[in-house]
2 protein chains.
Amino acid sequence: MTRSKGVIVQSERLRDQIYKLIRDDLRTGALAPGERLVEVSLAKKLGVSRTPVREALFQLASDGLLAESSRGYMLPVHTTEEIRDRLEIRRLLEPEILRRACEEASSRQIKSLLKALEEEKKYIDAADASKFIGANANFRLVLLSLCKNPLLTRCAELYDDQFQCFRIWGLNEPRGRELAVGSHEKICNAIKDRKPAAAVKALQQLLDRVEQMLEQYRDSVAS
Amino acid sequence: MTRSKGVIVQSERLRDQIYKLIRDDLRTGALAPGERLVEVSLAKKLGVSRTPVREALFQLASDGLLAESSRGYMLPVHTTEEIRDRLEIRRLLEPEILRRACEEASSRQIKSLLKALEEEKKYIDAADASKFIGANANFRLVLLSLCKNPLLTRCAELYDDQFQCFRIWGLNEPRGRELAVGSHEKICNAIKDRKPAAAVKALQQLLDRVEQMLEQYRDSVAS
DNA sequence: TTGATTGATATTGTATACAATACTCACCTG
DNA sequence: CAGGTGAGTATTGTATACAATATCAATCAA
């Protein structure tokens with residue numbers, strides 16, 4: 001697993017840097033579901049002591065981004081039921097974010113959203129799936145940040161990231177990527193035109209499709 | 001600031017016990033807004049080392065329940081804007097919880113909800129405000145747990161608890177307590193009768209009133 | 001008196017040491 | 001050969017030691 005390429009500096013708290021590093025790795029799929037995260041190994045690799053690593057892992061776990069096993073933390077492998085629970089929360093939070101985005105987003109922000117979309121399109125057929133997954137993660141970050149309630153943004157990011165194990169499965173298929181890009185395009189246009197209803201509709205269609213895919217996911221995991 | 005009466009045992013992880021202990025203290029208002037939480041003092045009082053205390057405080061802070069200052073953590077004193085942001089999230093999550101509660105709550109759960117309401121009523125005129133605040137906190141815990149999506153419950157609890165500094169201000173006034181109990185009564189009845197629309201309506205009225213009170217809060221804090 | 005300076009202190013951030021626990025796997029026994 | 005048993009090991013949980021930094025107070029100069 002290639003990962004954690006970021007540099008550790010002394011000026012910022014180590015635990016915060018490590019937290020961001022690992023969270024980025026989770027977003028971009030650099031870590032495989034089921035993989036274990038061991039304090040000493042990470043500490044060694046990053047050239048720090050166990051303490052800040054430990055605290056970062058702890059926070060990630062309490063954010064629901066890592067699972068606790070009898071011995072340490074690992075990448076979560078959620079049941080479909082758990083994924084559905086997360087999806088339900090996304091259904092509550094994200095429509096409101098889009099509504100507010102339509103009202104509040106500056107033209108500058110919209111521009112960067114469109115740019116993120118282009119980036120995503122660029123990699124839709126990339127041989128290296130991680131390219132697309134990274135662009136996809138970035139698009140979602142930009143999208144959720146369009147709302148001026150920072151807490152709401154942070155909360156939505158969390159549940160969005162908790163999806164990752166399922167999302168990566170979906171984005172490995174071309175169909176999944178097309179769904180993502182198509183939906184994102186609709187949402188972008190709606191926000192650009194300041195049409196909240198259209199944005200919300202596109203999002204809900206996306207989430208409905210995602211929920212359908214959950215069935216196939218269950219079967220594929222069961223096999 | 002009487003607090004942290006709970007007993008620390010060895011069988012469970014210390015940091016988890018400490019987390020719960022402090023979080024309970026926050027819920028019941030045993031800690032005053034602006035009060036500092038110092039690692040060594042807490043560790044000494046609880047008879048443990050700094051490490052687990054440190055980790056518990058860290059998690060509380062990342063949950064948004066404690067504020068970071070230049071030196072350690074303190075009870076947050078939110079601006080009205082920050083409180084409004086939290087209120088917005090509650091408006092998104094809690095109606096859905098009530099809807100699901102109307103469908104999913106067992107008669108046993110409803111019974112315990114009614115009991116929690118009675119407890120709250122009992123202390124509405126108590127000289128010791130903390131009695132009422134404790135009962136109020138308990139009622140809300142029971143209410144939010146009626147929904148069968150544990151993640152949603154946990155998330156809602158978090159934003160509910162992040163309200164505490166404002167809520168305690170409101171519940172010190174008899175008017176605030178009457179509002180709380182009156183609303184809770186309506187919600188209870190609606191859930192008992194399995195009427196989601198009525199439950200949501202009562203909740204929304206409550207939250208509207210709370211938002212109005214925010215104005216007065218701003219003035220009282222400014223003075 | 002007021003403001004700056006500096007030394008002491010309080011407190012956190014990180015590293016390390018030690019204790020406890022859960023897992024692994026080889027070995028033994030039936 | 002199956003299954004249990006125990007020693008060894010990997011890994012976390014907690015305590016403590018040390019380093020860095022921000023705060024506070026006292027002192028002194030203007």
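Chain A is the first sequence line, chain B the second, and so forth, proteins listed ahead of strands; every chain is numbered from 1. Since we're looking at a predicted model, the values are computed, not measured.
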What pair of heavy atoms forms the shortest contact from B:V77 to B:G34, and how long is it?
CG2-N, 3.7 Å
Is the shortest side-chain N/O distance from B:S70 to OP1 or OP2 of D:dT21 below 4.0 Å?
no
Closer to the 5' end of DNA chain C via nearest nucleotide, is it B:Y73 or A:T51?
B:Y73
When the nearest nucleotide of DNA chain D is assigned to B:R50 and to B:E55 on a heavy-atom basis, which residue is associated with the more 5' position?
B:E55
So if I apply the side-chain contact (heavy atoms from CB on, under 4.5 Å) rule between A:N136 and each of A:H184, A:R177, A:R27, which one comes out positive?
A:H184
Should A:R86 and A:D161 count as an ion pair when the cut-off is N to O under 4.0 Å?
no
Quick one: are A:Y73 and A:L60 in side-chain contact, heavy atoms under 4.5 Å?
no
Closer to the 5' end of DNA chain C via nearest nucleotide, is it A:R13 or A:R71?
A:R13
Under 4.0 Å from a heavy atom of chain B: give me the 5'-most and 3'-most nucleotides of DNA chain C that qualify.
C:dA10 to C:dT14
Can you name the nearest heavy-atom pair linking B:V53 to B:A43, along with the distance?
CG2-CA, 3.7 Å
Assess whether a salt bridge exists between A:E215 and A:R218, defined as any Lys/Arg side-chain N lying under 4.0 Å from an Asp/Glu carboxylate O.
yes
